[in-house]
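To start, the structure itself, in structure tokens.
Throughout, numbering of the chain's residues begins at 1 and tracks the sequence.
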Amino acid sequence: MFAISMKKIRNIAIIAHVDHGKTTLVDKMILQAKITRNSDKNSSGQLILDNNDLERERGITILSKNVSVPYKGYKINIIDTPGHADFGGEVERVLNMADGVLLLVDAFEGCMPQTRFVLQKALELGKKPLVVINKVDKQNCRPEEVNEQVFDLMSSLNANDKQLAFKTVYGCAKQGWMSLDWKKPASDLSPLMDLIISEIPEPEHNMDGTPQMLISSLEYSPYVGRIAIGRVTRGVLKAGQEITLCHHDGTQVKQRIKDLMVFTGIEKTRVESVESGDICAVVGIEGFEIGDTIADSENPEPLPTITIDEPTMSMLFCINDSPFFGKDGKYVTSRHLKERLEKELEKNLALKVKPGKTSDSFVVYGRGVLHLSILIETMRREGFELQIGQPKVIDKNINGRRCEPVEHLIIDVPEEFVGKAIEMTTRRKGALLHMEHRGDRVHLDFDIPSRGIIGLRSNLITATSGEAIMAHRLKGYEPYKGEIEKRTNGSLVALETGTAVAYSMWKLLDRGKWIISPGDEVYAGQVVGEYTRAMDLNVNVCIKKKLTNVRASGSDEKAVLPPPMQFTLEEMLEYIQDDELVEVTPKHLRIRKIYLDENERKRHKMQP
């Protein structure tokens with residue numbers, strides 16, 4: 001199989017919006033090629049490629065994966081990319097390895113913001129697109145209309161004539177079939193595989209000159225350390241070869257390749273040499289970063305480095321100094337936190353870390369709330385305890401004017417909730433661009449500052465009884481739009497440390513909603529609920545009922561409490577105010593005031 005000529009290799013990246021079925025499609029391609037021993041694994045509904053716990057739970061791809069599928073003597077290298085704009089740093093760099101892209105679109109939802117975001121990058125790089133319209137088994141699907149929509153989208157993104165002459169294939173990845181006519185289902189994915197071979201160009205086979213490979217991705221192995229992944233652009237790389245590692249800052253280091261591997265199915269296979277055009281993994285190189293070039297040891301010629309979009313959001317990460325610190329986690333010191341963030345920087349390209357105001361805090365910059373919350377959730381599962389501040393949007397000064405990031409927002413809601421959705425978005429400085437009826441739902445397009453999106457999702461889902469679908473992507477920087485109203489309700493703050501008692505919580509029910517349950521351990525300064533008014537209120541939830549010998553039917557009422565408000569990590573980060581922190585431990589998520597002491601809070605409020 002490894003004696004395949006470059007004419008029989010195809011390198012493709014699959015791009016799609018979250019949950020449009022790209023990982024399912026790649027899984028079915030792997031199963032059709034019968035290259036996994038456990039082909040029945042997929043029958044349980046578990047995806048082979050989403051092998052990270054967080055990816056399986058959320059049903060989204062976070063890290064890009066490389067696999068290869070043999071078909072009719074050809075080797076098809078497939079790169080499964082994340083669909084969420086927050087992981088755009090992942091997508092941009094892996095497009096360098098592909099010669100064409102498979103654009104996967106849902107037959108009902110059509111083109112969504114993230115589809116546009118990644119497609120724009122692919123078209124700018126001159127990649128040839130092949131359109132797959134998935135989920136044609138859905139009710140109310142509109143494949144032909146979606147195909148027209150894709151054409152319009154490509155035209156608006158300045159695609160060239162060659163790119164606009166794309167071929168379309170229809171099907172249902174879950175059922176494992178693709179066809180050139182959506183009304184005539186096929187038995188397998190062969191129509192798609194045949195189109196990949198005929199439409200996607202073969203890789204450029206450039207054997208003249210010294211070897212060159214741009215490091216586009218990396219993996220980490222506990223046995224061999226960091227593994228560089230990329231596509232050989234020119235010449236041949238051999239195991240044991242002396243090379244020069246060209247860093248993007250211009251420095252060069254001599255190193256030796258220990259092992260070379262190519263992708264075979266979902267595994268990696270050792271090989272002696274890799275020719276230009278193929279994608280490979282290089283073991284034994286130290287100190288490399290994504291965007292560096294592996295070049296000849298005698299005459300190194302670096303390739304242009306990869307540029308990644310700048311972060312748009314920052315959060316404060318600091319050690320957990322609450323009264324309950326160290327109860328759940330293994331790693332609680334600032335040294336642990338610093339080492340973990342430095343380790344993340346090695347593989348997370350869109351992330352930046354700067355020291356905070358104190359030695360125990362760090363300012364972490366990322367592409368959005370989801371991007372940073374995935375990092376926090378991963379650290380939490382590894383046994384870290386930390387505290388996170390309110391997400392802040394990064395402003396820029398352009399031509400002497402204060403500018404802020406603006407996002408393109410799409411909301412899909414049932415018709416009866418359209419008024420609420422428009423009102424909530426325009427209150428956050430959103431501008432309605434387009435409104436379209438699709439069956440019993442309405443599709444709304446907005447331009448909105450990134451600040452306005454923080455906290456919008458949870459409010460919108462509550463207002464629409466969980467029916468709203470929301471997606472957004474970064475559009476660019478525009479002049480500052482003015483102040484946006486924040487959360488209108490204040491917090492109920494615990495006055496003393498102890499165990500929350502149902503009796504005292506019941507007596508305080510008219511003051512607001514609880515975010516804790518009876519029996520939970522609380523500490524002074526912890527936020528235990530949401531006040532009905534705009535200010536904060538200090539409450540004591542630890543008072544027990546005084547027992548007497550006298551019993552009376554009126555005074556012995558049963559304390560019945562409504563269920564507490566429950567938040568995911570992202571919702572908590574969007575919910576907190578600027579004087580609050582989210583305390584994250586392996587077992588608990590709590591909201592607390594930055595200053596736990598009531599008098600200290602008053603003193604800081606009075607300071608200008």
Side-chain angles (χ1 to χ4, degrees), residues 11 13 63-66 77 79 81-82 87-99 121 124-125 203-204 206 209-221 223-263 268 271 273-311 341-353 365-367:
N11 298 320
L63 301 165
S64 50
K65 318 279 190 316
N66 295 57
N77 285 318
I79 307 152
T81 59
F87 305 107
E90 286 274 328
V91 178
E92 290 159 52
R93 67 175 198 235
V94 297
L95 285 173
N96 285 294
M97 296 193 273
D99 295 298
K121 302 277 175 198
E124 282 169 9
L125 292 166
E204 203 178 308
N206 184 357
T210 56
Q212 279 182 319
M213 180 183 120
L214 186 71
I215 299 171
S216 303
S217 186
L218 64 84
E219 283 183 13
Y220 184 81
S221 158
Y223 306 108
V224 294
R226 295 167 83 212
I227 301 169
I229 295 170
R231 175 177 153 180
V232 182
T233 316
R234 189 176 73 189
V236 184
L237 283 181
K238 294 177 182 171
Q241 182 181 351
E242 289 268 345
I243 53 102
T244 301
L245 181 66
C246 307
H247 293 293
H248 48 69
D249 59 2
T251 56
Q252 298 180 345
V253 186
K254 293 262 192 294
Q255 302 220 16
R256 184 186 290 274
I257 294 173
K258 192 175 174 187
D259 275 319
L260 274 177
M261 294 186 274
V262 292
F263 295 91
K268 289 197 249 343
V271 288
S273 65
V274 179
E275 293 187 359
S276 94
D278 205 353
I279 293 170
C280 69
V282 181
V283 179
I285 296 175
E286 291 177 5
F288 68 84
E289 286 185 25
I290 287 158
D292 292 353
T293 304
I294 293 173
D296 185 56
S297 60
E298 299 303 321
N299 303 308
E301 293 176 44
L303 288 161
T305 189
I306 305 170
T307 54
I308 301 290
D309 281 1
E310 289 293 303
L341 290 172
E342 283 170 355
K343 185 181 160 194
E344 187 67 24
L345 282 174
E346 290 185 352
K347 56 179 185 234
N348 198 333
L349 228 93
L351 201 75
K352 285 186 180 174
V353 177
Y365 298 85
R367 290 285 277 263

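Here the shortest heavy-atom pairing between C280 and V262 reads CB-CG1, 4.3 Å. Considering every non-hydrogen atom in both T210 and N299, the closest pair reads OG1-O, 3.9 Å. The shortest heavy-atom contact between G230 and M213 is N-CE, 3.6 Å. Considering every non-hydrogen atom in both P211 and V236, the closest pair reads CB-O, 3.5 Å. Taking all atoms of both residues into account, the shortest heavy-atom contact from I227 to A281 is CG2-CB, 3.6 Å. Listed here is the closest heavy atom pair of T233 and L214: OG1-N, 4.3 Å.
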Check against side chain to side chain contact (heavy atoms under 4.5 Å, CB included), Q241 and V282: CA-CA 11 Å; Q241 182 181 351; V282 181; over 6 Å; no
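Going from atom CD of E286 over to atom CZ of R256 covers 13.5 Å, rounded to the nearest 0.5 Å. Note that CD1 of I229 is 10.5 Å distant from CD1 of I215, once rounded to the nearest 0.5 Å. Atom CG of L237 and atom CG of L260 lie 6.0 Å apart (nearest 0.5 Å). Interatomic distance, NZ of K268 versus CG of D259, reported as 12.0 Å (0.5 Å rounding). Between I243 atom CD1 and K254 atom NZ the span is 9.5 Å, to the nearest 0.5 Å. Of the inter-residue distances, the one linking L245 atom CG with I285 atom CD1 reads 6.0 Å to the nearest 0.5 angstrom.
One finds no salt bridge joining R234 and D296 here, because no Lys/Arg side-chain nitrogen approaches an Asp/Glu carboxylate oxygen to under 4.0 Å.
In this structure a side-chain-to-backbone donor-acceptor pair under 3.5 Å is missing from Q212 to L303. Side-chain N or O atoms of D278 include none that pairs as donor or acceptor with a backbone N or O of V232 at under 3.5 Å.
Checked against side chain to side chain donor-acceptor pair (under 3.5 Å), S297 has no partners two or more places apart in sequence or in another chain.
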